[in-house]
Amino acid sequence: MRDLEQDRRYANTLARGLRILRAFRPSDNGLGNLEISERTGIPRSTVSRLTFTLCALGYLTHGRHFDKYRLGPAALALGNIASAAFGFVSVATPLMQKLANEMGAMVGVSIQDDGNMLIVKTWRPEGSRTIWLDVGYRMPVLTSSSGIAYLGALSRDEREKLEAHLPEEAATECEAVWDRERVLLRREGYAFVQGEARYSKSINAVATPFRPTEIGEPVSFFCGANVDDLSDQRIHDQVGPELVRAVNSLKALTGHAVSTVSPG
């Protein structure tokens with residue numbers, strides 16, 4: 001993002017407005033201007049002007065004088081239009097629900113959004129009440145299995161664009177991780193962050209990329225559970241290979257015959 005903000009074509013006000021919409025999470029019961037400012041890093045006075053404008057356009061709603069902001073009908077309509085572009089998710093559902101049931105673990109899809117991996121769809125084992133991740137949850141790129149699977153599938157140009165959205169220290173590591181994961185994805189078919197490198201010590205997950213034609217860049221399918229229920233050994237012996245098989249079946253159904261990993 002650092003280089004983008006210096007580009008004369010970059011509309012900073014628009015970017016800040018979109019950052020405010022991204023600040024909302026499924027678990028929120030509304031946000032005030034102070035909370036939005038703390039989450040986005042945008043000054044509170046600027047947040048106040050932007051939330052007023054977003055309310056006027058229907059992207060946010062605001063009730064009583066001291067009520068909080070919530071996503072509005074315009075944001076919902078935009079989200080529904082975007083969801084319609086993810087046609088591969090409907091095709092994937094029977095495959096991924098079957099995988100979730102057989103593995104006894106959650107299966108999901110994550111996309112890259114503003115330098116993080118954002119969960120956009122999940123499938124849980126039938127009868128399971130465990131909820132450890134949900135739609136709207138964000139994960140770091142370099143220390144999550146979903147993130148490194150996504151990164152390893154990128155072309156060089158795509159990786160350089162991603163680096164602009166990462167913190168400076170992460171951007172410097174990006175090329176080395178990209179080089180490593182491209183090799184591993186071609187050899188194993190899946191990506192896996194383990195041990196102390198994993199961003200969450202309570203969750204174990206494995207991921208593999210898929211490049212749908214609808215959105216022009218890879219997404220990550222992942223399968224995971226609490227570490228007590230999913231060991232590293234089981235990921236390598238069973239869950240990783242089964243996830244790759246499920247996504248290969250999706251590729252066949254959607255006509256994706258080429259490798260997900262970019263040649264360069």
Side-chain angles (χ1 to χ4, degrees), residues 25-27 83 86-113 116-153 181 184-212 218-254 256 260-261:
R25 301 165 186 160
S27 58
S83 295
F86 285 72
F88 71 92
V89 172
S90 296
V91 181
T93 291
L95 296 168
M96 300 307 156
Q97 186 61 62
K98 181 174 183 287
L99 179 66
N101 293 343
E102 291 176 347
M103 298 298 104
M106 193 180 85
V107 178
V109 181
S110 64
I111 63 172
Q112 190 276 133
D113 180 63
N116 288 286
M117 300 304 294
L118 174 69
I119 297 178
V120 295
K121 175 67 179 177
T122 60
W123 296 270
R124 289 186 174 82
E126 292 175 356
S128 171
R129 296 182 180 181
T130 301
I131 298 177
W132 51 270
L133 288 180
D134 209 345
V135 170
Y137 185 85
R138 293 177 182 271
M139 302 171 286
V141 171
L142 297 186
T143 54
S144 69
S145 296
S146 289
I148 63 172
Y150 165 82
L151 176 59
E181 293 306 321
L184 292 174
L185 282 172
R186 288 196 176 102
R187 188 178 71 201
E188 307 290 345
Y190 59 83
F192 175 43
V193 177
Q194 55 189 327
E196 292 302 312
R198 193 173 62 234
Y199 83 99
S200 172
K201 303 303 180 287
S202 63
I203 297 169
N204 230 4
V206 61
T208 192
F210 174 74
R211 189 180 284 268
V219 303
S220 288
F221 278 88
F222 65 88
C223 183
N226 292 318
V227 291
D228 293 339
D229 301 320
L230 185 57
S231 67
D232 292 4
Q233 190 64 48
R234 186 169 173 238
I235 279 179
H236 288 301
D237 290 347
Q238 182 186 28
V239 180
E242 289 298 328
L243 175 63
V244 172
R245 274 192 277 273
V247 173
N248 284 341
S249 295
L250 176 61
K251 290 178 184 178
L253 290 171
T254 56
H256 289 71
T260 303
V261 180

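Sequence positions, counted from 1, serve as the residue numbers for this chain. Not measured: the values here are computed from a predicted model.
For the pair Gln97 and Arg124, the minimum side-chain heavy-atom distance is 4.5 Å or more. Val107 is not listed as a side-chain neighbour of Thr122, based on a closest heavy-atom distance of 4.5 Å or more. No side-chain heavy atom of Pro212 sits under 4.5 Å from any side-chain heavy atom of Thr254.
Atom OH in Tyr199 sits 15.0 Å away from atom CD in Glu196 (nearest 0.5 Å). Note: Lys98 NZ to Glu126 CD = 12.0 Å, rounded to the nearest 0.5 Å. Here CE of Met106 is found 8.0 Å from CD1 of Ile203. Values are rounded to the nearest 0.5 Å. The distance from atom CG of Asn248 to atom CZ of Phe210, rounded to the nearest 0.5 Å, is 10.0 Å. Atom CH2 of Trp123 is separated from atom CG of Asn101 by 12.5 Å, given to the nearest 0.5 angstrom. Residue Met117 holds its CE atom at 11.0 Å from CD1 of Ile148, rounded to the nearest 0.5 Å.
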Please evaluate residues Val91 and Leu250 with respect to the criterion side chain to side chain contact (heavy atoms under 4.5 Å, CB included), reporting the C-alpha separation (whole Å), side-chain torsions for both, the decisive distance (0.1 Å), and the verdict. CA-CA 7 Å; Val91 181; Leu250 176 61; 3.8 Å; yes
Side chain to side chain contact (heavy atoms under 4.5 Å, CB included) between Val239 and Glu242, worked out: CA-CA 5 Å; Val239 180; Glu242 289 298 328; 5.9 Å; no
Report the C-alpha distance between Arg138 and Arg25 in whole Å, list the side-chain angles of each, state the deciding distance to 0.1 Å, and finish with yes or no for side chain to side chain contact (heavy atoms under 4.5 Å, CB included). CA-CA 10 Å; Arg138 293 177 182 271; Arg25 301 165 186 160; over 6 Å; no
Between Phe222 and Ile119, is a side chain to side chain contact (heavy atoms under 4.5 Å, CB included) present by the stated rule, with each step listed? CA-CA 10 Å; Phe222 65 88; Ile119 297 178; 3.8 Å; yes
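Closest of all the heavy-atom pairs between Val206 and Leu243 is O-CD2, 3.6 Å. Residues Ser145 and Ala205 approach most closely at OG-O, 2.7 Å, considering heavy atoms. Between Gly224 and Ala105 the shortest heavy-atom distance is O-CB, 3.3 Å. Here the closest heavy-atom approach between residue Pro241 and residue Asp237 is recorded as CG-O, 4.1 Å. Closest non-hydrogen pair, Leu185 versus Pro209, comes out as CD2-CD, 3.7 Å. Closest approach of Gly104 to Pro125, counting heavy atoms only: C-CG, 3.6 Å.
Side chains of Gln112 and Asn116: no donor on one and acceptor on the other come within 3.5 Å. Between the side chains of Asn204 and Arg198, at least one donor N or O lies within less than 3.5 Å of an accepting N or O. For Ser144 and Ser146, the side-chain atoms include no donor-acceptor pair closer than 3.5 Å.
Listed for the Arg211 side chain is a donor-acceptor partner under 3.5 Å among the backbone atoms of Ala153. Remark: side-chain polar atoms of Thr93 are paired, donor with acceptor, to backbone N or O of Val89 under 3.5 angstrom. Under the 3.5 Å distance criterion, the side-chain polar atoms of Ser220 are matched with a main-chain donor or acceptor of Tyr150.
Using bins of under 30°, 30° to 60° and over 60° for the plane-to-plane angle, the ring pair Phe88/Phe221 lands in the perpendicular bin. Aromatic ring orientation, Tyr190 versus His236: tilted (interplanar angle from 30° to 60°).
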